[in-house]
Amino acid sequence: LIARLDHDEEKARAAFAAARVEQEKIVQAQGNYGPALCVLGLIDAGLGRKEQALSEGRRAVELVPTEKDALLGPTMIKYLAMIAAWVGDTDLACNQVAMLIRDPSNVSYGQFKLMPLWDPLRSDVRFEKLVEEAKESVTREVVATTAPAKSIAVLPFENLSRDPDNAYFAEGIQDEILTRLSKIADL
């Protein structure tokens, strides 16, 4: 990444090629692991393999939807946006950034504004508007954030069983807790 940021294409290509060999081993060992696919997608984007990089990024988003994982899902969207930016698909990149800004995520205004990984989008008017939108939402949150006197959060349960068919138990427990809590008037 440092060579890419320094615009040293030769060193960047060599580093990405070496990293790809290692990352491909990880993806082969864990084919359905979204974060590993995202890293491979970024590497392929760095190597100029546009279609392959986009395919890997999209697959990662499919594997970890935000509906199933509110923390990791947005991270997959962030990396798909970076991949798209690196390969020159500004429409896709801006669409993904818009989703990150409008929905709760771990991506902040400061990351969009300061991280050089977003440099390929800096000249795009849509991206700059999205960055400003992220800035406005931060200032609104600071002013409007007050915690209610009584509140509770129910985090997703994880299926620790080796049998994936038992995953519905974890989802069912969470749904049951939420249903019962929704009947308590003071929450």
Side-chain angles (χ1 to χ4, degrees), residues 1-135 137-138 156 158 164:
L1 284 176
I2 293 171
R4 178 182 168 90
L5 296 174
D6 282 343
H7 304 289
D8 187 338
E9 297 301 321
E10 187 177 319
K11 280 185 181 177
R13 184 171 255 326
F16 281 129
R20 188 177 199 294
V21 171
E22 296 304 314
Q23 190 63 27
E24 198 166 35
K25 291 176 189 173
I26 295 169
V27 169
Q28 286 174 356
Q30 303 174 6
N32 289 329
Y33 185 56
L37 275 169
C38 278
V39 172
L40 186 61
L42 281 172
I43 291 168
D44 281 335
L47 290 169
R49 297 175 175 182
K50 180 178 181 174
E51 296 308 317
Q52 198 167 358
L54 290 172
S55 174
E56 291 154 350
R58 286 185 174 117
R59 177 72 179 132
V61 170
E62 289 172 10
L63 288 171
V64 189
T66 55
E67 299 82 27
K68 294 285 183 185
D69 192 326
L71 296 175
L72 200 52
T75 302
M76 301 300 98
I77 293 171
K78 175 180 80 172
Y79 284 109
L80 175 57
M82 277 186 201
I83 290 166
W86 285 18
V87 299
D89 190 338
T90 54
D91 289 336
L92 178 61
C94 287
N95 288 339
Q96 300 304 303
V97 169
M99 283 195 298
L100 290 169
I101 289 172
R102 294 185 181 113
D103 295 334
S105 74
N106 60 357
V107 181
S108 68
Y109 160 74
Q111 290 176 4
F112 289 125
K113 187 71 176 170
L114 302 173
M115 285 183 69
L117 299 173
W118 299 106
D119 284 354
L121 296 176
R122 300 242 181 261
S123 62
D124 191 285
V125 174
R126 294 169 297 174
F127 179 73
E128 292 305 322
K129 284 182 182 177
L130 288 166
V131 171
E132 284 304 309
E133 189 178 324
K135 180 180 179 182
S137 70
V138 167
E158 186 175 338

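Residue indices begin at 1 and follow the sequence shown.
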Asks: Under the salt bridge (charged side-chain N to carboxylate O under 4.0 Å, His left out) definition, can you give me all pairs with a residue in residues 79-93, not counting sequence neighbours?
Replies: Asp91-Arg126
Asks: Of all the heavy-atom pairs spanning Ala81 and Gln96, show the shortest one and how long it is.
Replies: CB-CB, 3.5 Å
Asks: Once side-chain hydrogen bond (donor to acceptor under 3.5 Å, both in side chains) is applied, what residue pairs with a partner in residues 76-86 remain, sequence neighbours excluded?
Replies: none
Asks: For Glu24, give me all partners under salt bridge (Lys or Arg N to Asp or Glu O under 4.0 Å), at least two apart in sequence or on another chain.
Replies: Arg20
Asks: Do you know the tightest heavy-atom contact between Ala17 and Leu47?
Replies: N-CD2, 3.8 Å
Asks: Tell me, please, which residues at least two apart from Ala12 pass side chain to side chain contact (heavy atoms under 4.5 Å, CB included).
Replies: Ala3, Arg4, Phe16
Asks: Check side chain to side chain contact (heavy atoms under 4.5 Å, CB included) between Ala36 and all other residues, then give those that pass, not counting sequence neighbours.
Replies: Gln23, Ile26, Val27, Tyr33
Asks: Please table the atom pairs, donor to acceptor, closer than 3.5 Å between any side-chain atom in residues 54-67 and protein atoms at least two apart or in another chain.
Replies:
unit_1	atom_1	unit_2	atom_2	d
Glu56	OE1	Gly41	N	3.4
Arg59	NH2	Asn32	OD1	3.1

Asks: Suppose the criterion is salt bridge (charged side-chain N to carboxylate O under 4.0 Å, His left out): which pairs have a residue in residues 27-36, not counting sequence neighbours?
Replies: none
Asks: By side chain to side chain contact (heavy atoms under 4.5 Å, CB included), which residues pair with Lys25, not counting sequence neighbours?
Replies: Val21, Glu22
Asks: For residues 116-123, tabulate all N or O donor-acceptor pairs below 3.5 Å that involve a side-chain atom, not counting sequence neighbours.
Replies:
unit_1	atom_1	unit_2	atom_2	d
Asp119	OD1	Arg122	NE	2.9
Arg122	NH1	Phe112	O	2.8
Arg122	NH2	Phe112	O	3.2
Arg122	NH2	Met115	O	2.7

Asks: Checking Lys68 now: which residues fulfil side chain to side chain donor-acceptor pair (under 3.5 Å) with it, not counting sequence neighbours?
Replies: Glu171
